[in-house]
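Written out below as structure tokens is the structure these notes cover.
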Amino acid sequence: MITIALPKGRLGDKVYNLFAKIGYDCSEIYNDNRKLVFENTENGVRYLLVKPSDVAVYVYHGAADLGIAGKDILDESGLSLYELLDLKLGRCDMCVASHNDYKEDLSRPIRVATKFPNIAKKHYMSFNREIEIIKLNGSIEIAPLVGLSDVIVDIVETGTTLKENNLKVIERFLPISARLIANRASYTFKKDEIDRLCDNLQTVLEEK
Ligand code: PRP
């Protein structure tokens, strides 16, 4: 039995369809109910539907052998996992953004609002810029608008949220996409099956 943590939502649905194509289907999964665990004992697969930001935690602790998580979640978590495949889905960029007329004040630390404090710290540390982190959990774009921060570090996909709030990208510094990740011990003990699964996924992705 292989256990796969899928992020709830659109990305998870897409990825489930890929897994189904390579034989890991579980017809129960799209029943319109609130079940969070789906299993097909015949083909030996179990899915856990979890919050996207929790996928890496399930996989790290071995509660799931495999998972699908955005590069943003992986980098922010800092957990030691195997990254097996770039699914090239859910693409976006990690960016610094601020007001259209933002001017940096070099005489003091930059106040950075973000859901990704570790990624933000690492980015600014790479060029020795002092910052003050303001950790938020969503609607980050509001922070510079009301003077809570100078800039934000956040993901930008279409750019619509920035545009509609009169903000602009200052710097794109990390391309993001969904990755197939594995628990280190699972990869050792179920290597053949996981390698086969990866090869098949790769083939299906190339056909798209
Ligand atoms: C994410 C991100 C931006 C927005 C970017 O927020 O934090 O706010 O999407 O997308 P866009 O460039 O296509 O406009 P999310 O929708 O996850 O909501 P949140 O603000 O609650 O984190």
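Counting convention: from 1, in listed order, for ligands and their atoms alike.
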Which ligand 1 atoms does [X] reach within 4.0 Å, using its non-hydrogen atoms?
X	value
Glu141	3 (C), 8 (O)
Ile155	2 (C), 3 (C), 5 (C)
Gly138	19 (P), 20 (O), 21 (O), 22 (O)

**Report entry** Heavy atom of the protein closest to atom 17 (O) of ligand 1 (residue, atom name, distance)
**Finding:**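 Of every protein heavy atom, Lys115 NZ, 3.9 Å lies nearest to atom 17 (O) of ligand 1.
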Report task. Under the side chain to side chain contact (heavy atoms under 4.5 Å, CB included) rule, what do Leu84 and Leu201 come out as? Steps first, then yes or no, please. Result -> CA-CA 11 Å; Leu84 301 179; Leu201 264 186; over 6 Å; no
May I ask which of [options] has a heavy atom nearer to [atom] than the others do?
atom	options	value
atom 4 (C) of ligand 1	Val156, Ile152, Thr161	Thr161
atom 20 (O) of ligand 1	Ser53, Cys92, Ser139, Gly159	Ser139
atom 7 (O) of ligand 1	Asn137, Thr114, Ile140, Asp154	Asp154

Requested in this report: Check the surroundings of atom CZ in Arg108: do more than 12 heavy atoms from other residues, nucleotides or ligands lie under 6.0 Å from it?
Outcome: yes
Report task. Would you tell me whether Tyr187 and Asp195 have side-chain atoms, one donor and one acceptor, within less than 3.5 Å of each other? Result -> yes
Query raised in the report: With a 4.0 Å cut-off, would you call Glu76 and Lys115 a salt bridge?
Result: no
Requested in this report: Give a yes or no on whether a salt bridge exists between Arg129 and Glu104, defined as a side-chain N under 4.0 angstrom from a carboxylate O.
Outcome: yes
Query raised in the report: Any N or O on Thr158 sitting closer than 3.5 Å to an N or O of ligand 1?
Result: yes
Query raised in the report: Do Ile110 and Val96 come within less than 4.5 Å of each other through their side chains, counting heavy atoms only?
Result: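 SC-SC contact between Ile110 and Val96 ruled out.
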Query raised in the report: So, for atom 9 (O) of ligand 1, does the protein have a heavy atom nearer than 4.0 Å?
Result: no
Report task. Over 60° means perpendicular and under 30° means parallel, so classify the ring planes of His123 and Phe173, tilted if in between. Result -> parallel
